Amino acid sequence: MLHWVQYIRGYVTIKVWGYSTERLLNLCGNHDILVWDITDHGDYDTMNISVRGFFALKPLLKKTGTRAVILKKYGLPFFMSKMQRRKMFVAGLVCCLLFWMLTAGYIWNIKIEGNYVLTEDVLLDYLEEKNVHVAMKKSRLQIEELEKALREDYDIITWTSVQVRGTTLQIYIKENDMPVYDQISQLEEGKGMDLVADRAGVVSYMITRSGVPQVALGDTVEKGDILVSGAVPVYNDDTTVRKYQFVESDADILLRYTESVSVKKELLYEEKKYSGRQKKMFLLGIRDKEWNLKFGKIPYEEYDISGEKKQVCLLDGLYLPVFYGSKTIQEYETVKQKHTEEEMNALMQEEWYKIITTLEEKGVQITEKNVTIKKNDNNWVLNARMQLEEAAIRPVPTETEPALSDEEEVPLEEGTD
């Protein structure tokens with residue numbers, strides 16, 4: 001506390017030498033002049049003294065035959081004196097403080113942690129729909145409502161925490177380790193669900209757990225044909241339909257079909273040949289606006305631009321809507337090259353792998369395949385004819401009208417059989 005008082009009032013470090021330094025220190029004590037950090041250097045002494053004490057020291061120096069000079073100055077009075085001569089610096093400092101105070105009430109950065117299944121882009125789009133975005137006022141942010149909405153709208157999120165640190169909105173989430181399935185049944189009261197073909201094909205596998213099968217193994221179906229009906233008939237003694245019980249159809253069904261794929265790859269291709277010449281330019285940005293600080297025109301006909309930019313962060317979590325960075329401009333020349341036979345083989349193998357991977361991701365099995373590669377002077381063509389199997393089915397509401405029940409039957413007239 002004493003240090004801050006001394007700093008506010010101001011103090012100096014002085015060098016004292018002469019006939020009787022010890023007597024000077026005794027007189028300072030008698031006149032209530034505070035000195036501290038006294039150091040003996042042999043021929044002279046150094047010490048700290050307040051500004052007021054230094055001015056009161058003049059008659060004591062004359063009386064003791066000693067001399068004193070100021071070595072260093074400390075404290076607020078000397079700082080303010082310097083600032084009076086640097087008005088532009090003071091104006092800039094005040095503007096920076098005002099800008100800092102103004103921007104501190106907004107969100108300038110959003111961080112999301114703990115997400116694995118849900119991508120950051122998906123969550124950022126969701127936040128945008130909830131009017132939570134960069135450059136929003138902190139006062140408009142409803143933290144508890146946002147946490148509740150995240151848990152309700154995404155079943156996979158089991159825990160979430162939203163915090164504001166400086167100008168950063170920090171969102172922590174925890175996802176369910178087990179896969180989440182939609183357990184809400186589409187079956188309404190008095191309604192059923194059919195399974196229909198999602199494409200044309202031949203039924204190659206079928207096991208029905210609920211519902212009434214409408215096709216058998218080996219049958220050819222078209223897209224939209226009913227494979228399993230959700231209307232289960234209940235018969236009278238005379239084999240007429242008395243009524244229908246509606247259920248949600250459940251079955252494992254595979255459809256077999258044939259598909260052809262053709263991929264063409266050119267032998268000639270364009271390649272960028274970099275010359276090694278490059279230029280750098282700096283960039284500055286505020287929010288969505290960006291300015292390139294380039295000197296002169298770009299002297300290259302063909303070039304690539306790469307770079308990076310960073311957001312200004314004063315303290316941990318305290319971001320400002322200001323960006324800076326640099327860009328590198330690299331010159332290149334477009335030249336035509338020709339693939340070797342080994343390269344073409346590798347490219348065709350890569351294309352075939354992409355086809356297989358895409359089918360596997362969709363749950364499609366390849367039962368038979370016939371792959372050929374046709375080589376021409378200008379290109380290679382991969383032709384593949386495949387026999388595929390997949391569970392190409394989807395549920396739709398049952399459209400079967402309910403049959404007339406016993407309670408709704410018309411009673412017979414008396415005397416009739």
Side-chain angles (χ1 to χ4, degrees), residues 116-119 122-123 125-126 129 149-158 175-236 239-261 355-368 386-405 407-408:
Y116 298 99
V117 177
L118 296 173
T119 63
V122 170
L123 291 173
D125 290 341
Y126 173 80
E129 294 176 0
L150 282 167
R151 291 191 299 268
E152 290 179 350
D153 294 340
Y154 292 100
D155 294 335
I156 196 172
I157 297 179
T158 58
E175 297 175 344
N176 192 357
D177 296 333
M178 299 298 293
V180 177
Y181 301 99
D182 186 7
Q183 297 179 351
I184 301 175
S185 175
Q186 302 179 16
L187 186 62
E188 299 178 5
E189 186 177 356
K191 297 291 184 179
M193 296 295 290
D194 296 340
L195 293 179
V196 301
D198 208 22
R199 64 167 304 127
V202 177
V203 179
S204 60
Y205 178 83
M206 185 171 185
I207 293 181
T208 306
R209 284 181 286 273
S210 65
V212 181
Q214 304 296 305
V215 294
L217 289 176
D219 288 352
T220 301
V221 297
E222 298 295 330
K223 183 177 180 179
D225 287 352
I226 297 176
L227 306 180
V228 180
S229 174
V232 180
V234 178
Y235 296 99
N236 292 312
T239 70
T240 59
V241 177
R242 179 184 176 188
K243 63 178 181 179
Y244 288 101
Q245 291 182 346
F246 293 97
V247 299
E248 189 172 0
S249 299
D250 184 18
D252 293 333
I253 303 174
L254 293 179
L255 299 181
R256 185 175 64 246
Y257 58 94
T258 301
E259 189 170 294
S260 297
V261 178
I355 294 171
I356 296 176
T357 303
T358 302
L359 292 174
E360 289 178 349
E361 289 175 353
K362 294 179 179 179
V364 181
Q365 300 177 6
I366 302 175
T367 57
E368 293 182 14
M386 301 171 290
Q387 190 175 82
L388 308 174
E389 280 187 346
E390 68 170 305
I393 58 176
R394 58 186 173 88
V396 297
T398 302
E399 296 181 356
T400 304
E401 294 293 334
L404 193 64
S405 64
E407 292 78 3
E408 297 171 332

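All values reported here derive from a predicted model rather than from experimental measurement. Positions are given from 1, in the same order as the sequence printed here.
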Reported OG1-to-CG distance for the pair T398 and L195, which is rounded to 0.5 angstrom: 9.0 Å
Under the side chain to side chain contact (heavy atoms under 4.5 Å, CB included) criterion, do T240 and Y235 qualify, and how do the steps go? CA-CA 5 Å; T240 59; Y235 296 99; over 6 Å; no
For Y257, all residues meeting ring-ring contact (aromatic ring centres under 6.0 Å, His included), sequence neighbours excluded: none
Grab the two heavy atoms, one from I157 and one from L150, that are nearest each other, plus how far apart they are. CD1-O, 3.9 Å
What residues form a ring-ring contact (aromatic ring centres under 6.0 Å, His included) with Y205, not counting sequence neighbours? none
Shortest non-hydrogen contact from R199 to A392? CG-CB, 3.5 Å
Kindly compute the distance separating CD1 (I207) from CG (L254), expressed to the nearest 0.5 Å. 9.5 Å
Would you say the side-chain atoms of T258 pair up with the backbone N or O of Q387, donor to acceptor, closer than 3.5 Å? no
Without swapping roles, check the side chain of E175 against the backbone of V117 for a donor-acceptor pair under 3.5 Å. yes
For side chain to side chain contact (heavy atoms under 4.5 Å, CB included), just list the numbers for V203 and L255, CA-CA rounded to whole Å, side-chain angles, deciding distance to a tenth of an Å, and then say yes or no. CA-CA 5 Å; V203 179; L255 299 181; 3.9 Å; yes
Only pairs under 3.5 Å count here: list side-chain donor-acceptor contacts from residues 208-218, not counting sequence neighbours, and write none if there are none.
from: R209; atom 1: NE; to: D250; atom 2: OD2; distance (Å): 3.0
from: R209; atom 1: NH1; to: D252; atom 2: OD2; distance (Å): 3.0
from: R209; atom 1: NH2; to: D250; atom 2: OD1; distance (Å): 3.4
from: R209; atom 1: NH2; to: D252; atom 2: OD1; distance (Å): 2.9
from: R209; atom 1: NH2; to: D252; atom 2: OD2; distance (Å): 3.4
from: S210; atom 1: OG; to: E248; atom 2: O; distance (Å): 2.8
from: S210; atom 1: OG; to: D250; atom 2: N; distance (Å): 3.1
from: Q214; atom 1: NE2; to: V212; atom 2: O; distance (Å): 3.1

Mind checking side chain to side chain contact (heavy atoms under 4.5 Å, CB included) for T357 and listing every partner two or more places apart, or none if nothing turns up? Y353, E361
Taking salt bridge (Lys or Arg N to Asp or Glu O under 4.0 Å) as the test, write out the residues that go with R394, two or more places apart. D198
A149 meets the side chain to side chain contact (heavy atoms under 4.5 Å, CB included) criterion, sequence neighbours left out, with Y126, K130, D153
Output for pair (E360 CD, Q365 CD), nearest 0.5 Å, gives 9.5 Å
Measuring from atom CD1 of I253 to atom CE of M206, what distance do you get when rounded to the nearest 0.5 angstrom? 4.0 Å
Taking D194's backbone N and O only, do any of them form a donor-acceptor pair with S229's side chain (distance below 3.5 Å, no angle check)? no
